[in-house]
Q: 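One structure is given below, represented as structure tokens, and several questions about it will come after.
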Amino acid sequence: MKKTGIIIEFKNGAVKDASYGMIACARNGGGDSLYAFVINEDAQVHKEALEAHGIHNIVDICLPEIGTCKESGSQAGWNPVIWSQAVMEAMQIHGISELFGLTTPMGRELLPRIAAKLDAPLVMDCIEVNCSEGIVQNYLYSGKTLATIKVKGDIRIYGIRPNVIEPAPAPVSASMFTVTYSNAHKNEPDCGKITLLESRPGDNSDGDLLEADVIISGGRGMQNGENFKLLHQCARYLGAKVGASRVAVDLGWVPYSMQVGQTGEKVSPRVYIACGLSGSVQHFAGMKMSGMIIAINNNPNAAIMANCDYFIEGDLFDVIPALTEALSKAK
Amino acid sequence: MKIYVCVKHVPDSAANIALKDSKHIDDNVTLLLNPYDEYAVTEAVSFKKYLNEKTSLCGTDDDTEVIVVSLGKKDAEKTLRSAMAMGADRGILIETEKIEDSITTARLLKAAIEKDGVPGIIFTGRESIDMAGMQTMFRLGANFGFPVANNVVKFTPDITNNSVEVETLTEASGRDLYQLSLPCVLGAGRGLNSPAYPTFPDVVKAKKKQILSVSKNELNIDKPQASTEIIELKLFAGKRTPEEIKGDLSQKITSLVKILKEEAKII
């Protein structure tokens with residue numbers, strides 16, 4: 001029987017929606033025995049939620065020697081070097097041949113560290129996985145092509161793009177296991193050569209673009225950083241996160257963590273609202289996978305106006321405040 | 001100290017991609033140095049300067065050099081020249097016609113570096129913009145037994161302790177701070193430095209710098225048991241048919257709210 005391990009991510013004490021989507025992906029892909037890896041969280045608390053999504057086994061991974069300092073925004077006791085070793089231990093103990101994680105900042109640290117140590121194949125940013133065939137799909141060449149990739153190896157590792165796969169509840173009952181980090185890695189060649197000194201959490205108010213359902217982004221047309229508050233006000237009523245084009249970041253208006261595009265975040269929200277943003281090829285590389293794209297721009301010839309679902313030709317400084325007002329009344 | 005920088009020759013992000021066949025893009029597009037690798041080269045060159053200043057104070061010989069290594073077709077020489085125009089001293093091209101996966105790439109890079117010298121530190125970009133595998137630096141580190149940090153946005157050497165301190169960019173502008181002993185592998189992220197465009201004299205000088213070509217076969221690596229292979233490639237245009245929301249401002253807003261509510265179902 002094929003055993004599939006899934007690294008579960010949490011946010012504010014709850015399982016992230018993107019993790020449920022990843023479970024659905026692992027299940028569709030033919031995973032017949034799913035193991036949820038819960039690291040440094042109280043696994044019992046999340047048992048019911050994970051069972052509801054079809055998890056057969058919950059592995060509580062305990063890292064006793066790393067305190068329990070709880071920082072806002074990041075999971076307790078975050079340390080990618082130790083966490084990746086702990087996941088490898090859990091994989092070995094339970095005979096896991098397939099590992100799933102999200103292509104998030106956490107996944108980008110854990111999955112390649114594990115793949116490198118196990119000399120196992122890894123594909124990041126998958127939008128579809130067929131476990132039984134070892135075939136995945138992802139976007140290559142800056143989102144301009146869709147690739148089908150054959151993954152060969154005794155152990156195969158998949159990084160899943162958050163938000164592209166809908167959660168699909170499928171209730172089962174799960175068995176509980178505990179794996180305690182044993183420090184069995186002290187003989188590894190890089191042991192003791194890398195130490196995490198400090199983990200400074202980011203600011204949640206401007207982050208999380210990757211997993212946002214709705215994004216409202218501003219470009220050069222915003223004119224300055226101060227004006228982004230118009231987008232933040234509107235975002236509050238839309239339950240949206242605020243993004244930006246590279247120009248807005250390069251001009252110092254907003255932080256790099258808000259950048260959507262080729263060299264920023266690659267996002268897949270249900271709705272993407274682009275304000276005063278021309279829509280360069282590089283910007284499209286980061287958002288063309290959005291469900292619906294709405295453009296607001298006073299230039300009818302902007303590239304984005306020709307490749308969106310809806311557009312409003314008009315001044316964003318009229319449209320956005322009016323939209324915010326309409327939304328505030330609708331509440 | 002030998003400072004190695006692994007760089008990749010990738011299609012320009014602004015280029016339109018066409019397909020040559022069902023597995024490959026038409027490489028008749030502009031290819032250039034992977035954007036994240038520019039940060040890697042820049043940091044390597046400034047680290048060399050730092051080491052030279054240190055050693056000149058101690059009166060020892062200066063044998064520090066920056067060597068750029070790339071894997072690709074003959075044309076990837078252009079990317080090596082770009083890196084040399086940015087200050088790298090010489091280049092190594094591992095010639096291969098095939099698109100290699102990360103597992104094989106990391107083995108070939110290790111073999112080529114080992115053949116050339118003993119690395120004091122290895123820089124890469126945090127990912128390539130074509131394949132975006134996000135893993136070669138970790139595999140390279142594991143193959144050498146070196147520690148790895150990726151998406152590095154701050155680099156502080158501590159040569160007396162034979163180590164470096166780095167900051168990596170995490171979620172929502174968060175930072176993780178690591179200490180790594182040398183030698184190590186660092187994946188450069190945006191914000192690590194501000195790469196400068198080479199001047200014309202730099203470009204001319206780079207033409208005279210040495211590039212050593214080695215073939216994949218010469219490096220004689222063990223064939224890995226595991227692999228990832230592209231079996232099909234399709235163009236993804238993501239082309240949409242735009243519909244204008246018309247009317248005066250209040251009509252536009254009414255229509256927009258209706259779309260958000262009834263079609264997108266987000267409010």
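Bear in mind the structure is a predicted one, so any value in this text is a computation, not a measurement. Chain letters run A, B, ... following the sequence lines, proteins first, then strands; residues in each count from 1.
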Q: Met124(A) versus Glu127(B): any side-chain heavy-atom pair under 4.5 Å?
A: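 Met124(A) does not reach Glu127(B) side chain to side chain.
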Q: Side-chain contact test, heavy atoms from C-beta onward, threshold under 4.5 Å: evaluate it for Gln137(A) versus Glu232(B) and give yes or no.
A: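 No, too far: nothing below the 4.5 Å cut-off.
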Q: Main chain of Ala226(B), side chain of Arg156(A): is a donor-acceptor contact present, judged purely on distance under 3.5 Å?
A: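 Such a contact is absent between Arg156(A) side chain and Ala226(B) backbone.
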Q: Quick one: what part of Lys23(B) sits under 4.5 Å from any heavy atom of chain A, side chain, backbone, both or neither?
A: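 Nothing of Lys23(B), per the 4.5 Å heavy-atom cut-off to chain A.
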Q: Using a cut-off of under 4.5 Å on heavy-atom pairs, state which of Asp101(B), Asn151(B), Leu260(B), Leu249(B) scores highest against chain A.
A: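 Sorted descending by pairs with chain A, the first entry is Leu249(B).
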Q: Return the CG to CG distance between Leu177(B) and Leu196(A), rounded to the nearest 0.5 Å.
A: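 Between atom CG of Leu177(B) and atom CG of Leu196(A) there are 8.0 Å.
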Q: What part of Asp318(A) gets within 4.5 angstrom of chain B, counting heavy atoms only: side chain, backbone, both, or neither?
A: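 Contact with chain B is through both the backbone and side chain of Asp318(A).
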Q: At a heavy-atom separation under 4.5 Å, does Ile103(B) approach chain A through its side chain, its backbone, both, or neither?
A: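 For Ile103(B), the contact with chain A is made by the side chain alone.
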Q: Side chain, backbone, both or neither: which part of Arg108(A) has a heavy atom under 4.5 Å from chain B?
A: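 Both backbone and side chain.
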Q: I'd like to know whether NZ of Lys154(B) has more than 12 heavy-atom contacts from other residues, nucleotides or ligands below 6.0 angstrom.
A: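 For Lys154(B), atom NZ is not crowded (no more than 12 foreign heavy atoms under 6.0 Å).
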Q: Heavy-atom distance under 4.5 Å to chain B: side chain of Asp154(A), backbone, both or neither?
A: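 For Asp154(A), heavy atoms of backbone and side chain both lie under 4.5 Å from chain B.
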Q: Side chains of Tyr178(B) and Glu198(A): do they bring a donor and an acceptor to under 3.5 Å?
A: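 No.
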Q: Taking CG in Asp26(B) as the centre, count heavy atoms belonging to other residues, nucleotides or ligands within less than 6.0 Å. Is the count above 12?
A: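 Buried by this count: over 12 neighbours within 6.0 Å.
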Q: Checking side-chain contact (heavy atoms from CB on, under 4.5 Å) for the pair Ile259(B)/Met292(A): CA distance, chi angles, key distance, verdict?
A: CA-CA 10 Å; Ile259(B) 290 164; Met292(A) 178 190 283; 3.9 Å; yes
Q: Output yes when Arg107(B) and Asp119(A) qualify as a salt bridge under the 4.0 Å nitrogen-oxygen rule, no when they do not.
A: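 Yes, Arg107(B) and Asp119(A) are salt-bridged.
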Q: Among side-chain atoms of Glu109(A) and Asn150(B), is any donor-acceptor pair under 3.5 angstrom?
A: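 Per modelled atom types, Glu109(A) and Asn150(B) side chains form no pair under 3.5 Å.
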Q: Under 4.5 Å from any heavy atom of chain A, what part of Phe144(B) do you find: side chain, backbone, both or neither?
A: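 Nothing of Phe144(B), per the 4.5 Å heavy-atom cut-off to chain A.
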Q: Could you go step by step and tell me if Lys152(A) and Thr228(B) meet the side-chain contact (heavy atoms from CB on, under 4.5 Å) rule?
A: CA-CA 6 Å; Lys152(A) 277 188 215 155; Thr228(B) 57; over 6 Å; no
Q: If you round to the nearest 0.5 Å, how far is CZ of Arg175(B) from OG of Ser199(A)?
A: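 Reported value, rounded in 0.5 Å steps: 12.0 Å.
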Q: Measuring heavy-atom distances to chain A, does Leu182(B) have an atom under 4.5 Å in its side chain, in its backbone, in both, or in neither?
A: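 For Leu182(B), neither part sits under 4.5 Å from chain A.
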Q: Does any backbone or side-chain atom of Ala147(A) lie under 4.5 Å from a heavy atom of chain B? Answer side chain, backbone, both or neither.
A: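 For Ala147(A), the contact with chain B is made by backbone and side chain together.
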Q: Test side-chain contact (heavy atoms from CB on, under 4.5 Å) on Ile266(B) and Asp213(A); report intermediate values, then the result.
A: CA-CA 8 Å; Ile266(B) 56 156; Asp213(A) 255 349; 5.8 Å; no
Q: So which part of Ile231(B) gets closer than 4.5 Å to some heavy atom of chain A, the side chain, the backbone, both or neither?
A: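 Looking at Ile231(B), backbone and side chain both touch chain A.
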Q: At a heavy-atom separation under 4.5 Å, does Leu140(B) approach chain A through its side chain, its backbone, both, or neither?
A: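 When you check distances to chain A, no heavy atom of Leu140(B) falls under 4.5 Å.
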Q: Using atom types as modelled and distance alone, determine if a side-chain donor or acceptor of Gln135(B) lies under 3.5 Å from a backbone N or O of Leu122(A).
A: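 Checked: pair present.
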Q: Just do the side-chain hydrogen bond (donor to acceptor under 3.5 Å, both in side chains) check on Glu263(B) and Tyr310(A) with the steps written out, would you?
A: CA-CA 12 Å; Glu263(B) 195 184 330; Tyr310(A) 292 100; 2.4 Å; yes
Q: Which answer fits Ser280(A), side chain, backbone, both or neither, if we ask what part of it has an atom under 4.5 Å from a heavy atom of chain B?
A: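 Contact with chain B involves no heavy atom of Ser280(A) at all.
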Q: Verify, without hydrogens or angle tests, whether Lys193(A) (side chain) and Gln179(B) (backbone) share a donor-acceptor contact under 3.5 angstrom.
A: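 Absent.
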Q: Please state whether the side chain, the backbone, both or neither of Phe311(A) comes within less than 4.5 Å of a heavy atom of chain B.
A: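 The answer is both parts of Phe311(A).
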Q: Quick one: what part of Ile155(A) sits under 4.5 Å from any heavy atom of chain B, side chain, backbone, both or neither?
A: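 Interface part for Ile155(A): neither.
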Q: So, do Ile293(A) and Arg240(B) sit near enough that their side-chain heavy atoms are less than 4.5 Å apart?
A: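 Answer yes - side chains close enough.
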Q: Is there side-chain contact between Ile129(B) and Tyr141(A), with at least one heavy-atom pair below 4.5 Å?
A: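 Answer no - side chains too far apart.
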Q: Evaluate side-chain contact (heavy atoms from CB on, under 4.5 Å) for Lys246(B) paired with Glu313(A), printing each intermediate quantity in order.
A: CA-CA 8 Å; Lys246(B) 292 182 183 157; Glu313(A) 189 188 329; over 6 Å; no
Q: For Phe284(A), is it the side chain, the backbone, both or neither that has a heavy atom under 4.5 Å from a heavy atom of chain B?
A: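 Neither part, no heavy atoms under 4.5 Å.
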Q: Is the shortest heavy-atom distance from the side chain of Ile267(B) to the side chain of Leu327(A) under 4.5 Å?
A: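 Yes, side chains in contact.
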Q: What option among Thr170(B), Asn143(B), Val148(B) has the most heavy-atom pairs under 4.5 Å with chain A?
A: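 Most pairs with chain A among the choices: Val148(B).
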Q: Taking the side chain as C-beta and beyond, is there a heavy-atom pair between Asp176(B) and Trp78(A) under 4.5 Å?
A: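 Result yes, sub-4.5 Å side-chain heavy-atom pair found.
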Q: Any salt bridge linking Asp250(A) with Arg190(B)? Criterion: basic side-chain nitrogen under 4.0 Å from a carboxylate oxygen.
A: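 Salt bridge present between Asp250(A) and Arg190(B).
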Q: Check whether any side-chain heavy atom of Lys252(B) lies under 4.5 Å from a side-chain heavy atom of Val319(A), and answer yes or no.
A: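 They are not in side-chain contact.
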Q: Among Ala237(B), Ser250(B), Pro224(B), Ala106(B), which residue has the highest count of heavy-atom pairs closer than 4.5 Å to chain A?
A: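 Among Ala237(B), Ser250(B), Pro224(B), Ala106(B), the one with the most close pairs to chain A is Ala237(B).
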Q: Are a donor atom and an acceptor atom from the side chains of Gln282(A) and Ser13(B) found within less than 3.5 Å of each other?
A: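 Yes, Ser13(B) and Gln282(A) have a side-chain donor paired with an acceptor closer than 3.5 Å.
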Q: Is there a side-chain contact between Leu140(A) and Ile25(B) in this structure, where contact means two heavy atoms from C-beta onward sitting under 4.5 Å apart?
A: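 No, side chains not in contact.
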Q: Please classify the contact between Pro121(A) and chain B as side chain, backbone, both or neither, with a heavy-atom cut-off of under 4.5 Å.
A: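 For Pro121(A), backbone and side chain are both near chain B.
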